[in-house]
Amino acid sequence: MPELPEVETTRRGVEPHVVGRGIVEMRLYEKRLRWKVQEDLPDLVAGQFIRHAKRRAKYLLLELDSGTLMLHLGMSGSLRVLPADVPLLPHDHFDIILSSGNTLRFNDPRRFGSLHYITGDPEQHPLLAKLAPEPLEAAFNADYLWRVTRRRKVAIKQLLMNSQLVVGVGNIYASEALFKAKVRPKRQACNLTRQEVTRLVKAVKSVLSMAIKVGGTTLRDYVGADGQPGYFRQKLFVYERNKQPCRTCTTPVRQLTQGQRSTYYCPTCQK
DNA sequence: ATGGGCACCTGGCTGC
DNA sequence: TGCAGCCAGGTGCCCA
C-alpha cells in the first residue's frame with residue numbers, strides 16, 4: 001500500500017509520541033513477515049530510548065540509543081499509536097510499549113512488511129545501500145533524471161518505480177505524476193525530451209508533496225498513526241479511474257498493464 | 001548492465 | 001450459498 005507520502009504521514013504521526021520515550025517492552029506476535037524477524041529483537045530494544053523517527057525511501061527508521069529499528073509497511077501495513085491496553089486485532093504483529101503508556105502497534109494483513117534491528121550506519125544496510133536519492137531533495141532534479149534515462153529503454157512508468165533510480169514512487173503516484181507531466185506511461189525512458197524530463201521531475205515532487213499535505217492516499221487498508229485515512233484519493237486524476245472522464249478534458253481514462261501492475265492515463269492529455 | 005517475470009501473503013469482490 | 005478466479009499502496013531475486 002503505502003508509498004512515500006503514506007510512510008511520511010506515518011512518520012509524522014508517530015514522531016511526537018515516540019521521540020524521547022523509552023521502550024518498556026516489545027511484544028512480537030508474528031515473526032513471519034517479509035523476512036523473518038530476529039528472534040531476540042524484543043530483548044535487544046527493551047530499555048532503550050527512541051532518539052529520532054526518520055524515513056528513507058519507504059522505510060521508517062526509529063533510532064534508538066544503540067541501534068536502529070528499520071520498518072517497512074509493505075503493501076498493507078500500518079503503524080499506529082494506541083493506549084497499550086487496546087485489545088489486539090487480527091494481523092497485529094508487534095507492540096512496542098512506550099514509557100508513556102501508549103504502544104506502537106504494527107498491523108499488516110499480507111505480511112509483506114518487514115522489521116530489522118540494525119547496529120551501525122543504517123545507510124550501509126543492504127536494503128538501503130543501493131537506493132536512489134530522495135525525490136523531494138535537491139539531488140533528484142532534471143539533470144539527474146535526464147542522465148539516468150538516456151540509455152534506458154524501459155517504459156518511463158516502470159523506471160519511476162525502480163528504487164535504484166527514484167525512491168518512494170509507487171503505483172499510484174507513478175500514474176499521477178505522468179498525468180501531471182503529460183507523458184504517456186509506455187514511452188521509453190530514453191525517448192523523453194529534456195522538457196518532458198523537467199516536467200516529470202516537477203510533477204513527481206508536487207504530487208508527492210500534495211499527498212503528504214493531505215495525509216496520503218487511502219484506497220483500502222491504509223490509516224495514519226492516528227487511525228485516520230488519507231485524503232489524497234479525492235485528488236487522484238487517473239488512478240483507479242478507468243473509463244471515467246478525465247478531469248481535465250473528459251476523455252475516458254484508460255487502464256493498461258505494465259510489469260503486472262495497473263497503469264492509468266489519459267490518451268488525450270498525455271503524449 | 002538491463003529488463004522481465006515470479007514469489008511472498010491475505011482479504012475482498014465478481015461472476016458462475 | 002459456495003467457491004474459483006482475479007485484483008490490491010512493494011520489492012528482492014532469478015533468469016535470459
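In what follows, chains are A, B, ... by sequence order, proteins preceding strands, each numbered from 1.
Summarising the geometry, the separation between CG on A:L131 and P on C:dG10 is reported as 14 Å, rounded to the nearest angstrom. Rounded to whole Å, atom P of C:dA8 lies 11 Å from atom CG of A:N242. Computed from coordinates, the A:M75 CE to C:dG12 P distance equals 14 Å when rounded to whole Å. Whole-Å rounding puts the A:L165 CG to B:dT2 C1' distance at 10 Å. For A:R261 and C:dT11, the CZ to C1' distance is 9 Å, given to the nearest whole Å. As rounded to whole Å, 16 Å separates atom C1' of C:dT11 from atom CG of A:L160. Between A:M161 atom CE and B:dG3 atom C1' the separation is 15 Å, expressed in whole Å. In this entry the distance linking CD of A:Q158 with P of B:dG3 reads 9 Å, nearest Å.
Side-chain atoms of A:Q258 and A:P185, non-hydrogen and from C-beta on, do get closer than 4.5 Å to each other. In this structure, A:L41 and A:L69 have side chains that are in contact, with non-hydrogen atoms separated by less than 4.5 Å. Counting heavy atoms from C-beta on, the side chains of A:F179 and A:Q270 come closer than 4.5 Å.
Phosphate proximity of B:dG3 to A:K153: absent, as no side-chain N or O sits under 4.0 Å from OP1 or OP2.
A salt bridge is defined here as a Lys NZ or Arg NE, NH1 or NH2 lying under 4.0 Å from an Asp or Glu carboxylate O, and A:R11 with A:E8 meets this definition. Taking the charged nitrogens against the carboxylate oxygens, A:R80 and A:D95 have no contact shorter than 4.0 Å, which rules out a salt bridge.
Paired runs in DNA chain C that reach 3 or more consecutive Watson-Crick or G-U pairs, where each pair keeps both distances under 3.5 Å, cover B:2-8 with C:10-16, B:10-16 with C:2-8.
Nucleic acid contact class of A:F232 (heavy atoms, under 4.0 Å, all strands): none. Within 4.0 Å of A:R151, counting heavy atoms only, lies no atom of the nucleic acid at all.
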| request: Go through A:L192 and A:L145 one step at a time and tell me if the side-chain contact (heavy atoms from CB on, under 4.5 Å) criterion holds. | output: CA-CA 10 Å; A:L192 294 213; A:L145 192 61; over 6 Å; no
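Residue A:K271 places its NZ atom among more than 12 non-hydrogen atoms of other residues, nucleotides or ligands, all under 6.0 Å distant.
B:dA1 and C:dT11 are spaced 22 Å apart, taking the P atom of each and rounding to whole Å.
How far CG of A:L61 is from OG1 of A:T68: 6.5 Å, rounded to the nearest 0.5 Å.
The side chain of A:S262 lies closest to C:dA8, out of C:dG12, C:dG10, C:dA8. The side chain of A:R220 has C:dA8 as its nearest neighbour among C:dA8, C:dG12, B:dG4.
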| request: Indicate for each nucleotide in nucleotides 7-12 of chain B, in 5' to 3' sequence, whether protein heavy atoms under 4.0 Å reach the base (B), only the sugar-phosphate (S), or nothing (-). | output: -BBBS-
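Classified by interplanar angle (parallel below 30°, tilted 30° to 60°, perpendicular above 60°), the ring pair A:Y173/A:F232 is tilted.
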